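These notes concern the structure reproduced below.
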6 protein chains.
Amino acid sequence: MHLTYLLPAPMHVTPLGETEMRRRATLLGEWAGESTRITVAAVDNGPASVESAYEEYLAIPAMGTALRRAERSGTDAIILGCFGDPGLDGLREIAVKPVVGPAGAAMALACTLGHRFSVVTVADGVRPLLRRLAWETGVLPALCEIRSVELSVLAINTDHDAAYAALRTECERALDATEADTLVLGCMSMGFLGSAERLSTELGVPVVNPIRAAVHHAQALHRMGLAPSRRAYRRPAALADDAGDTSLLHQAAGPLEVTP
Amino acid sequence: MHLTYLLPAPMHVTPLGETEMRRRATLLGEWAGESTRITVAAVDNGPASVESAYEEYLAIPAMGTALRRAERSGTDAIILGCFGDPGLDGLREIAVKPVVGPAGAAMALACTLGHRFSVVTVADGVRPLLRRLAWETGVLPALCEIRSVELSVLAINTDHDAAYAALRTECERALDATEADTLVLGCMSMGFLGSAERLSTELGVPVVNPIRAAVHHAQALHRMGLAPSRRAYRRPAALADDAGDTSLLHQAAGPLEVTP
Amino acid sequence: MHLTYLLPAPMHVTPLGETEMRRRATLLGEWAGESTRITVAAVDNGPASVESAYEEYLAIPAMGTALRRAERSGTDAIILGCFGDPGLDGLREIAVKPVVGPAGAAMALACTLGHRFSVVTVADGVRPLLRRLAWETGVLPALCEIRSVELSVLAINTDHDAAYAALRTECERALDATEADTLVLGCMSMGFLGSAERLSTELGVPVVNPIRAAVHHAQALHRMGLAPSRRAYRRPAALADDAGDTSLLHQAAGPLEVTP
Amino acid sequence: MHLTYLLPAPMHVTPLGETEMRRRATLLGEWAGESTRITVAAVDNGPASVESAYEEYLAIPAMGTALRRAERSGTDAIILGCFGDPGLDGLREIAVKPVVGPAGAAMALACTLGHRFSVVTVADGVRPLLRRLAWETGVLPALCEIRSVELSVLAINTDHDAAYAALRTECERALDATEADTLVLGCMSMGFLGSAERLSTELGVPVVNPIRAAVHHAQALHRMGLAPSRRAYRRPAALADDAGDTSLLHQAAGPLEVTP
Amino acid sequence: MHLTYLLPAPMHVTPLGETEMRRRATLLGEWAGESTRITVAAVDNGPASVESAYEEYLAIPAMGTALRRAERSGTDAIILGCFGDPGLDGLREIAVKPVVGPAGAAMALACTLGHRFSVVTVADGVRPLLRRLAWETGVLPALCEIRSVELSVLAINTDHDAAYAALRTECERALDATEADTLVLGCMSMGFLGSAERLSTELGVPVVNPIRAAVHHAQALHRMGLAPSRRAYRRPAALADDAGDTSLLHQAAGPLEVTP
Amino acid sequence: MHLTYLLPAPMHVTPLGETEMRRRATLLGEWAGESTRITVAAVDNGPASVESAYEEYLAIPAMGTALRRAERSGTDAIILGCFGDPGLDGLREIAVKPVVGPAGAAMALACTLGHRFSVVTVADGVRPLLRRLAWETGVLPALCEIRSVELSVLAINTDHDAAYAALRTECERALDATEADTLVLGCMSMGFLGSAERLSTELGVPVVNPIRAAVHHAQALHRMGLAPSRRAYRRPAALADDAGDTSLLHQAAGPLEVTP
């Protein structure tokens, strides 16, 4: 199968650059195995990283365009390249192929490994977003706690060893603080550190890498012939069959303000 | 005070046009009373109406720009002109002034009028979005049911009498179907029909007009000197103080795809 | 409009006396603005303050009488002068005009300002009562924690500076202890300290004064022509139209005990 | 042990009269068994029956007085004679002996007999009150539905056969409508019809008589040396040790109204 | 009535032996009172004690056999002799007489004594099992916390004084840690320490002995003529009326493994 | 990898026999793909099928023995061959390799495909069991409804066409009755009908085959190096490393009954 990992950022023009895209493609290829072809796709404009709700909203329209481009190129499924599952419901409305949100996939997997799981993510500020994702997925009762390392996405990508150390410390705290028996890494950059296995071994509890959870989720859907429910994600009435957002968007010469 | 009603659509270039914008401004002025100055602001590009999650996402970036424009013009508060409260969390992150979501305001008001409320909205497809808003607001236990008239926003605006008849029928069904004791109109166009009072009288239960709920909510916040919590809606780190999304957005010459 | 603030206590014969009633009336007048006429009404018998469930029950019958007196005097709405919303459901059953509970109004407002709120109240003993109010209002999921300053109502009214200091300390603890992003003062005497604005500024989060929340709530209902749902609060069948509780109460010469 | 069944009404001056009190005492004696001494106590003033929240509030102060009288007479426990558990938390605050609410006792018992139970009560209007009781008891997840026969308490007591027929019909509907596997009679007058056993046999599911549930609950607490938690129901600070509500109530010559 | 206390273990061949069985029978007799005849029955094979889910599953088939034996001997009700309520739903399916689970009975009782209760049990490892029991009973909202003394069942039975000291310490911690107002001993061996009354007195909150809760529960059901709902616990279709599990079990000469 | 599908029944001595075991092995092989080796293992004694809680309990001890046998034979993971996930927590306690419950795996997958799912199973009697599984998995909020075809497992296996027709009818009803957007087949025999794909196509919503969900779940865990959390499923202290249940079970010459 052909799997597209869709970055919400134009990573090629950020400090991480095409090099990091290639590194991620290589890891995805290893994790997916030989029978799956991987493409890592970056949008042409968007935020450098998604660390707030507003940046998430800014990213979505370009992701919609990129998603349709990937579908036209013959992809079999799309993984959203951000643990916030940005625009998941909206993108599923316009998609023909399965769209997988890594947070949903990882939290659903974590549910099956124990009684309650905790998420370790980048910053306290995204905790409400992640709690909403757990609610949307329907697994909120299994979510124990969300903790953060308080590192920026850039910092995680810049010094992998320091990031691993911070992550491990916070995972240990998570296990000390509550009855959580399973952990989920709540950030794709954490996932691409390649440290979930090491953490699982060192801490003695399953630590879910959301990227791998998403990859295997997409593979399973493909094998099973399943896709997200059209009854849940209805195609917008005004969306033309073969066009982009132009069928949905209206353009004025400028804004207008009126008063009574 | 100065209140801006922010449309997610470039209504002036849609069939409803500037005329409808003026009609809405007049109603808002009547509902707000003399001490409040009203502006109805339309974005320069966006969907004609918001009837799916994807259209909601398409609308938000232009709303962010319009919100900052309104703040620079001296508005005291902004009401989002759509019952989906599009981008509420993200827009609050970048806003200096209070941003009011009509769904949140109307559902919070409905909570105080009885034991459980139902929402009557335009289409079945938006029920998951509205349920998520109830959850986000924290009032899901008080939400009884979401029903729809299955009319497009355009249809509601085109034939007010037919829309009122359909709305009344569905409200009656809502009261027959469950123990709900309070109703909320789940669409701004329904609110601008001006029919909530008539429905309240005819049906003998309070029927909340979300527009008026939002207006009085904004007025109350202004009088009380309150604003949404910055602890809940943190300003994006990368957002420059006096600039637009340019500080957040990175533009590439084009998208990029890489493989392992 | 004419708004009656209904005290559950005969405050004029308690240590606080008519002076405190006038002070409260003045503050209410300032908060309500010029277009609203304020009356502060004290019952003719009841507890000095409401700091337990039993005192709350003792207060309600006299509040019913006073509520009907206020309605006959032409009031447009009644605010219950206690954060316990004493007898709210029962008083709404017999009322013709809107009855507003300040806890319900304040918690519904808090819901719209962030993700989760905490309440800071007088004593640990009333925490179950307040949690029940949050449940009744339908907003329990948004309630993070209830904390108390462990001061009596009398102490709060006797030394405003000490009360403010204690309140501020407990509010700070509330923000340290949890993710709560919004605070609600859980006692009317705290509200009449006039300190919510000061706390909002000093702590950097919205601190809701329940009195002002109730006043604006009553004004909004009046403007919108809404009242609590008769379907939720049915008029007692035995209640005569123009009489007091005499139509409901039966008086015996004394109690009676029988055995098998 | 000595058990007091505390009526919220001055039943001896209502149409049911002392005869019905004696009939109830006899049934209670049979149900309790020989080792328990029963007193049925009626208050000296109150509503004829409790069919609304306001009537419930009117009943409570006289119940407080009667409860203390029963304690001085040496009772070992008090059962509230109304399925609304009127004033349960407040009465427990002032009581020295265990106070048992029949709704709480019956619903807790029903929880142990199957997966979910439904309540069949007198009138739709009390459904919110009963749902709140289920929440207060902590058993809301086990409550399936509340249905009513829409008969007044007087009607139930006047024609026992008609009442039984109506009750049986509604119980059958309850079993048809949902997965409920256990029923609770939601009214003491229904319980004193003596029909729970007949319904259990005829319908093939356990039908809980709240009176008997309360009697055995009181006996169990007495045998086990347990009482409701003082940590949950704190004694009002102002309550004098040996006095009535006079230590809590302040009496003015009349009400007072002030304006700013 | 005749009450059978059914041990999940062949206690007579464990270190505790027949002596402990007799001690338990004596205590049960005292707690049940003169009108109830007690039998303590041990199975012929099973785990020494139930301290994991797997041991619980190992115990159940022999308990089914013993339950039917007790029914044939004329017992009126069966109490499961383990706080895990092992196999409660399954055993109720095959039983004719009421089967009482002590955890369900104790937690339902605790619900009626305050707002929230905590359980103090033997080991952290059984907390998920006990939380599931609270959910199954329908009382999860009233469960505050589950704590453990981290002593084995054998240790509790070997040194009663040390066990009591550990138990008291953990109960005190439970009250310090949360708002819980009522405690439940979460292990039958703790119950047979006979310390619940002493703890209630020393700690000032009700401490529920699950054994006594179960005994009085069984007595109440017997007096009321109630049994668990057959609609909740359907008899297995293949179960022969007068036979054991032989009607349900199929025996092969050995296991079989096949491959595609 | 090597995957063992563990039947809770000695299917080789039931009417379905070794033939059905081979048919299932073949289907599992097709679904798993070439890189996975499949074994279908039947226990040596147990119920013919699991259609009640008691039969489930009867099946578990032999499953424990078979699980250890499969581990000694080098299996990499075990799938429980029953939608009731019989003994999942207990079996995970004694297992070294991942144990997958098909209900948990299927419901977790369904969570990611829409907003709410319904389960269509064999008989109404197992609905409480399946609801408990949804709760245990942590996905209860996403479970809309459980419906049944009211066919025995044997009937489903005897006439595949009739079973498919009944299944399709009930799936249609499930979609008519609620907002559910995704369906889960709640019985392994239904899964082996091979009809999930046909139903997905005919009904236009994803219909999850629990067998395939479990297979891909096991494969994903294997690829990711993950196993259920030992912190959630602790190894019984008394379990010997290389032995069977003999280390846990004590055998007496017979049962024992004692009286006070």
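No hydrogens, no waters, no symmetry mates; every other heavy atom, side chains included, goes into these values. Predicted model, so just to flag it, every value in this text is computed and none were measured. Just so we're on the same page: letters track the sequence lines, and every chain starts at 1.
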Between atom [atom1] of [X] and atom [atom2] of [Y], what is the distance when rounded to the nearest 0.5 Å?
X         : Y         : atom1 : atom2 : value
Ile94(F)  : Arg235(F) : CD1   : CZ    : 8.0 Å
Met1(E)   : Lys97(E)  : CE    : NZ    : 9.0 Å
Asp245(F) : Tyr54(E)  : CG    : OH    : 3.5 Å
Ser189(E) : Ile211(E) : OG    : CD1   : 8.0 Å
Thr75(F)  : Leu3(F)   : OG1   : CG    : 6.0 Å

Side chain, backbone, both or neither: which part of [X] has an atom under 4.5 Å from a heavy atom of chain F?
X         : value
Val40(E)  : both
Glu93(E)  : side chain
Ala48(E)  : both
Leu6(E)   : neither
Glu136(E) : side chain
Pro255(E) : both
Arg23(E)  : neither

For the interface with chain F, which of [options] has the highest count of heavy-atom pairs at distances below 4.5 Å?
options                                : answer
His12(E), Met11(E), Glu51(E)           : His12(E)
Val258(E), Thr4(E), Thr26(E), Val13(E) : Val258(E)
Ser152(E), Pro61(E), Gly46(E)          : Gly46(E)

Using a 4.5 angstrom heavy-atom cutoff, name the option from [options] with the most pairs to chain E.
options                                  : value
Ser49(F), Pro236(F), Ala66(F), Ala62(F)  : Pro236(F)
Asp124(F), Thr65(F), Leu7(F)             : Asp124(F)
Leu58(F), Thr14(F), Leu27(F)             : Leu58(F)
Arg69(F), Arg92(F), Arg231(F)            : Arg69(F)
Glu257(F), Arg132(F), Met21(F), Arg22(F) : Arg132(F)
Trp135(F), Tyr57(F), Tyr233(F)           : Trp135(F)

Please examine the side chains of [Y] and [X], heavy atoms only from C-beta on, and report whether any two atoms are closer than 4.5 Å.
X         : Y         : result
Trp31(F)  : Ile38(F)  : no
Phe192(E) : Leu28(E)  : yes
Thr121(F) : Ser148(F) : yes

For atom CZ of Arg37(F), is the number of surrounding heavy atoms from other residues, nucleotides or ligands below 6.0 Å larger than 12?
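Atom CZ in Arg37(F) is not packed in, count stays at 12 or less.
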Q.
Salt bridge or not between Arg24(F) and Glu20(F)? Use side-chain N to carboxylate O under 4.0 Å.
A. yes
